Structures are given as structure tokens and as C-alpha cells.
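Before any comments, here is the structure.
Being a predicted model, the structure only gives us computed values, none of them experimental.
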Amino acid sequence: MSANRFADRMLAQLDELGRISESPDFLVRTFLVPEQKAAHERVAEWMREAGMEVEHDCAGNVVGRYAGTDPKAPALMTGSHLDTVRNAGKYDGMLGVIAPIACVADLHKRGKRLPFAIEVVGFANEEGTRFGSSMTGSRAIAGTFDPAILEVKDRQGISMGEAYKAYGLDPHKVGFCARKPGSIAAFVELHIEQGPVLENEGLALGVVTAISGARRLRAEITGLAGHAGTVPMGQRQDALVAAAEIVQFIEERCTGTPTLVGTVGMLEALPGAMNVIPGKAVFSIDIRAGEDDVRDAAVDAVLREIEMVCARRKLTFTVTELYKSTATPCHPKLMDLTEAAIKAQHVPTMRLPSGAGHDAATLAPLCPVAMMFMRCTRGISHNPLEAVLADDVELATRALLHFIEHFDPSFAAN
């Protein structure tokens with residue numbers, strides 16, 4: 001038997017999921033595409049092998065349930081997302097689905113049932129890569145799904161509602177998988193840290209204290225396209241130059257304030273010809289902070305800057321908010337249990353906040369939440385260089401199993 005009882009198979013499964021991609025050149029698996037269906041079907045097979053009953057729900061999630069001895073007891077939910085960013089790594093999200101499947105498989109092999117059911121969820125559309133609006137699967141389960149996002153379109157002009165239909169799901173039923181209050185005792189998510197703190201501290205695992213709140217917006221600035229050689233510089237209505245001013249302002253505004261970060265990850269100039277003044281610029285804005293008031297003040301400042309820049313340059317603009325989440329503290333008793341589960345593996349740990357958003361934060365309106373971080377090499381994530389150590393995967397899975405076996409629904413009752 002291998003020294004890494006869990007890790008060897010899990011790493012092979014993660015490798016397999018990493019090959020299910022929309023591109024032959026890099027990993028990308030977005031919402032409501034055939035590759036999502038293929039990945040979910042493969043995960044469903046592993047869930048069944050682990051002794052779970054499996055459902056593909058109305059929001060596009062894959063859900064495995066391992067029944068408990070008390071059918072009336074609220075379930076412990078765990079899991080993470082199976083979608084990716086473009087040019088992604090193969091551990092972000094996916095580790096948090098494969099690890100609890102391994103835990104349930106271990107319980108099933110031993111013939112052990114807990115007093116409560118365990119639900120493992122592979123969430124759909126955590127990243128928001130295709131439509132900009134994220135956390136669709138977890139919002140649906142939490143009962144906070146907003147049907148308005150069904151009108152949001154991807155780069156090909158396909159709305160989310162149309163994509164649901166093409167995928168074989170009814171967009172009008174997305175919210176039907178919302179769980180009843182009290183049906184889920186707690187949600188725990190294992191995730192790579194996506195940052196360098198644990199590695200710098202020489203620690204394999206950490207206890208998450210809170211998940212930063214985020215706001216994502218789409219800005220569109222409209223000027224006037226013109227000939228690059230014949231329109232004098234002082235008479236131009238260049239939408240891209242205005243966008244560049246705003247991007248620089250976002251960097252300056254979000255620098256120097258603890259926990260506050262701002263990112264423009266997408267910017268498109270139209271019509272996109274070398275010899276044409278850009279008549280339109282479309283870009284994303286992602287602003288996050290550990291405190292909601294800090295984040296919201298930064299967003300307000302950016303909106304004022306957009307208005308002033310466009311007025312000065314005689315441009316028009318629209319800004320659409322695609323996503324908003326509040327800063328989410330993890331439940332104190334669940335943090336204690338997470339810490340105890342890690343220490344039971346005879347390794348030290350620490351507590352740290354999450355600067356990234358996670359499905360756990362979206363589940364907070366439904367139930368208390370907890371997160372466990374596992375270090376990743378050099379803190380790299382959202383990148384094909386994303387890497388983990390087999391020993392860390394083994395430790396994390398054993399710690400998660402300890403958490404599950406020692407969980408008591410009354411821990412988070414108040």
C-alpha cells in the first residue's frame with residue numbers, strides 16, 4: 001500500500017479532470033458547455049463508487065449524498081467548484097470536490113454511517129468566466145439566485161438563459177434547488193490557499209477566519225471611432241484612453257489600504273483595428289476587501305472617476321454590476337473544529353483570512369460555514385503553474401475526514 005493512501009488516487013483524478021478542457025492548449029472549463037457536462041459526469045461516477053446517491057440539479061451542480069442514520073438530521077455539506085478560469089491550474093476548486101469524495105469512500109469502505117447525511121457538491125459557475133456573473137450554482141442552493149442574470153450574455157452574444165436551454169436545463173427552474181432553512185447544518189470547504197502565506201510560514205494547512213467581500217462590474221465607455229491619421233489629437237473622443245485613465249486610478253485607489261485590492265482583468269478596445277481610434281472600450285472591475293465599507297468606498301470612488309473622466313472627454317458610459325458579496329466570517333466553533341482536525345494530523349497550523357471569494361461565502365445565508373486552506377507552491381493559482389505537494393493533499397484529506405467524523409450539528413446551532 002502506498003504511503004499516500006488518499007493522495008495517489010486523488011492526484012490521478014485531478015489530472016484527469018485537468019484534461020477535460022474546451023481548449024487543446026490549456027485548461028479552461030466554463031459554465032454550461034459540453035466539457036462541464038463531461039467533468040460532472042466523471043465526478044458523478046466517482047461519487048457513486050464512493051457509495052453516494054447522485055443528482056445533477058436544476059442549477060447545473062453535481063450533488064452526491066451519503067445518507068446518515070437519522071434521516072431527519074440536517075446534513076453536513078461540503079465541496080467546491082468544478083469550473084475554471086482561462087489557462088487555469090487543476091487544483092483550484094477541484095481539490096475541494098475530490099477530497100470529500102475520498103473521505104466518503106473511506107467511510108463507505110468501513111461500513112460507517114454518521115448520524116447525519118454528508119452532501120458533496122461540485123458547484124457550477126463559481127468563477128464567472130463565461131458570463132461575468134459568478135457563484136450561480138451555490139447561489140441557487142443558498143436561495144439567493146437572481147433570475148435577472150439569465151439575461152447576461154457571453155462574448156458570443158448567448159444569454160445565460162439560452163445556454164441553460166442548450167445544456168438541457170430549464171432556466172426558469174434554476175432557483176428550484178434552493179435548500180430549506182435548517183436542512184443543512186453547516187458547509188465546509190477545502191481549498192488551496194491561492195496565496196503564499198502558508199508556504200512562507202512553513203505550514204501545510206490553515207484555518208480560514210473570514211472570506212473577503214467582492215464586487216464585480218462591467219464598464220462600457222463610448223466615444224467616436226475615427227481615422228488614426230486624420231483626426232487631430234485634441235479633437236478625439238478616444239474611449240480606450242479614458243479607460244486607461246480609469247485603470248490607473250483603480251490601481252492608485254486600491255493601493256495602500258490593508259485588505260483592499262482592485263483588478264481590471266479584461267479590457268477590449270473596439271473596433272480593434274490598428275489604424276482606427278477606439279470608439280468603445282469595455283472592461284471589468286473587480287474590487288475586494290475584508291470590510292464591506294472599505295470595498296464600497298473604493299467602488300464609489302471609481303464610479304465618480306468614471307463619470308468625471310467621461311465628462312471631461314465628452315464620452316458616454318454605462319456600468320453594470322455583475323456580482324456582489326459581503327465579507328463573510330467563518331463560524332467560531334467550526335474554526336475550532338477545523339483547527340482541531342488539522343492538529344490531529346500532528347502538524348501546526350495558523351488562522352488567516354481569504355482574499356479570494358469562495359462558494360462558502362455564498363452558502364453563508366443558508367448555514368454556518370468553515371474553510372480549510374492548503375498551501376500551494378509559491379502561492380500560484382489561476383495559472384497552469386499551480387502545484388501542490390502529495391503529502392499536503394494527504395494531510396488535508398485526513399484533516400477533512402477528521403472534521404466530518406467529529407462534526408456535531410449542534411456545534412453551529414447558535
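Using a 4.5 Å cut-off on side-chain heavy atoms (C-beta onward), Gln237 and Arg313 make no contact. A 4.5 Å side-chain heavy-atom check between Val369 and Thr328 finds at least one atom pair inside the cut-off. For the pair Tyr164/Thr136, a side-chain contact is recorded, criterion being any heavy-atom separation below 4.5 Å from C-beta on. Residues Arg86 and Thr129 form a side-chain contact, since some pair of their non-hydrogen atoms from C-beta on lies under 4.5 Å apart. Counting heavy atoms from C-beta on, the side chains of Ile221 and Ile246 come closer than 4.5 Å. Side chains of Arg130 and Ile158 form a contact here, defined as non-hydrogen atoms less than 4.5 Å apart. Within the 4.5 Å cutoff, the side chain of Met350 has no heavy atoms near those of the Val207 side chain. Contact of the Thr209 side chain with the Cys330 side chain is not registered, since no non-hydrogen atoms from C-beta on lie closer than 4.5 Å.
At least one donor-acceptor pair closer than 3.5 Å links the side chain of His406 to the backbone N or O of His402. Using modelled atom types, no side-chain atom of Gln13 and backbone atom of Leu17 make a donor-acceptor pair closer than 3.5 Å. Of the possible donor and acceptor atoms, none in the side chain of Ser212 sits under 3.5 Å from a partner among the backbone N and O of Ala210. Checking side-chain atoms of Glu245 against main-chain N and O of Ala242 turns up no donor-acceptor pair under 3.5 Å. Here the side chain of Ser21 pairs no donor or acceptor atom with the backbone of Pro24 at under 3.5 angstrom. Checked by atom type and distance alone, the side chain of Asn200 pairs as donor or acceptor with a backbone atom of Pro196 at under 3.5 Å. A side-chain donor-acceptor contact under 3.5 Å links Thr84 to the backbone of Arg29. A donor-acceptor pair under 3.5 Å is formed between the side chain of Thr349 and the backbone N or O of Leu205. Between the side chain of Asp92 and the backbone N or O of Asp83, no donor-acceptor pair lies under 3.5 Å. Checking side-chain atoms of Asn125 against main-chain N and O of Phe31 turns up no donor-acceptor pair under 3.5 Å.
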Anything under 3.5 Å between a donor and an acceptor, one on a side chain of residues 44-54, the other on a protein residue two or more places apart or in another chain? List them.
residue, atom, partner, partner atom, Å
Glu45, OE1, Arg42, NH1, 2.5
Glu49, OE1, Arg9, NH2, 2.8

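Taking the six-membered ring where the residue is Trp, Phe116 and Phe407 present perpendicular rings, their angle passing 60° and hence far from 30°.
For the pair Asp15 and Lys90, the salt-bridge criterion is met [side-chain N within less than 4.0 Å of a carboxylate O]. The pair Arg5-Asp106 counts as a salt bridge, with a side-chain nitrogen and a carboxylate oxygen less than 4.0 angstrom apart. Here Asp170 does not pair with Lys165 in a salt bridge; the nearest charged N to carboxylate O distance is not below 4.0 Å. By the 4.0 Å N-to-carboxylate-O rule, Arg19 lies too far from Glu35 to be salt-bridged with it. Using a 4.0 Å cut-off between a side-chain N of Lys or Arg and a carboxylate O of Asp or Glu, Arg65 and Glu55 do not qualify as a salt bridge. For Glu394 and Arg398, the salt-bridge test passes: some basic side-chain N is under 4.0 Å from an acidic carboxylate O. Ion pairing between a basic and an acidic side chain is recognised when a charged N comes within 4.0 Å of a carboxylate O; Arg295 and Asp293 show no such pairing. In summary, Asp336 and Arg351 engage in a salt bridge, as defined by a charged side-chain N under 4.0 Å from a carboxylate O.
Annotation: cation-pi pair Lys153/Phe131 absent, no NZ/CZ under 6.0 Å from the ring centroid and within 45° of its normal. Figure legend: cation-pi geometry between Arg216 and Tyr323, with NZ or CZ positioned under 6.0 Å from the six-membered ring centre and within 45° of its axis. Taking the centre and axis of the six-membered ring of Phe283, the NZ or CZ atom of Arg218 falls outside the cone set by 45° and 6.0 Å.
In this structure, CG in Leu76 is found 6.0 Å from CD1 in Ile404, a value given to the nearest 0.5 Å. How far CD of Glu268 is from CZ of Arg155: 6.5 Å, rounded to the nearest 0.5 Å. Atom OG1 of residue Thr397 and atom CE of residue Met10 lie 3.0 Å apart, to the nearest 0.5 angstrom. Between Ser410 atom OG and Lys333 atom NZ the span is 7.5 Å, to the nearest 0.5 Å. Note that the OG atom of Ser134 and the CD atom of Glu127 stand 8.0 Å from one another [nearest 0.5 Å]. Note that the CG atom of Leu315 and the OG1 atom of Thr222 stand 8.5 Å from one another [nearest 0.5 Å].
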task: Let me see the working for Ser138 and Asp359 under side-chain hydrogen bond (donor to acceptor under 3.5 Å, both in side chains), right down to the final yes or no.
output: CA-CA 6 Å; Ser138 49; Asp359 289 301; 2.7 Å; yes

query: side-chain contact (heavy atoms from CB on, under 4.5 Å) between Ile98 and Val393: does it pass, once the steps are laid out?
result: CA-CA 10 Å; Ile98 297 303; Val393 172; over 6 Å; no

message: Evaluate Val43 against Ile101 for side-chain contact (heavy atoms from CB on, under 4.5 Å), listing each step before the verdict.
response: CA-CA 9 Å; Val43 168; Ile101 293 174; 3.9 Å; yes

- request: Evaluate salt bridge (Lys or Arg N to Asp or Glu O under 4.0 Å) for Arg375 paired with Asp392, printing each intermediate quantity in order.
  value: CA-CA 8 Å; Arg375 68 180 161 194; Asp392 289 356; 2.6 Å; yes

- prompt: Could you walk me through whether Ser80 and Glu189 pass the side-chain hydrogen bond (donor to acceptor under 3.5 Å, both in side chains) check?
  reply: CA-CA 6 Å; Ser80 193; Glu189 182 171 5; 2.7 Å; yes

query: Does the side-chain contact (heavy atoms from CB on, under 4.5 Å) test come out yes or no for Leu82 and Val97, once each step is laid out?
result: CA-CA 8 Å; Leu82 291 168; Val97 181; 3.9 Å; yes

message: For Asp296 and Arg215: C-alpha separation, side-chain torsions, deciding distance, then whether salt bridge (Lys or Arg N to Asp or Glu O under 4.0 Å) applies.
response: CA-CA 8 Å; Asp296 291 343; Arg215 289 177 68 176; 3.1 Å; yes

task: Step by step, work out the side-chain contact (heavy atoms from CB on, under 4.5 Å) result for Val388 and Thr377.
output: CA-CA 6 Å; Val388 299; Thr377 304; 5.8 Å; no

- prompt: Checking side-chain hydrogen bond (donor to acceptor under 3.5 Å, both in side chains) for the pair Ser381/Glu386: CA distance, chi angles, key distance, verdict?
  reply: CA-CA 5 Å; Ser381 182; Glu386 195 174 87; 2.9 Å; yes

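Minimum heavy-atom separation, Asn87 to Phe26: OD1-CB, 3.1 Å. Residues Ile285 and Ala219 approach most closely at CD1-CB, 4.3 Å, considering heavy atoms. Across Ala298 and Ile287, no two heavy atoms sit closer than the pair CB-CG2, 4.0 Å. Here the closest non-hydrogen pair linking Ala7 and Ala390 is CB-O, 3.4 Å. When all heavy atoms of Ala327 and Gly290 are compared, the pair lying nearest together is CB-O, 3.3 Å. Between Leu198 and Ala204, the shortest heavy-atom distance links the atoms CD1-O, 4.1 Å.
When the shell of 6.0 Å around CZ of Arg312 is examined, it contains more than 12 heavy atoms from other residues, nucleotides or ligands. The neighbour count for Glu307 CD, taken as heavy atoms of other residues, nucleotides or ligands under 6.0 Å away, does not exceed 12.
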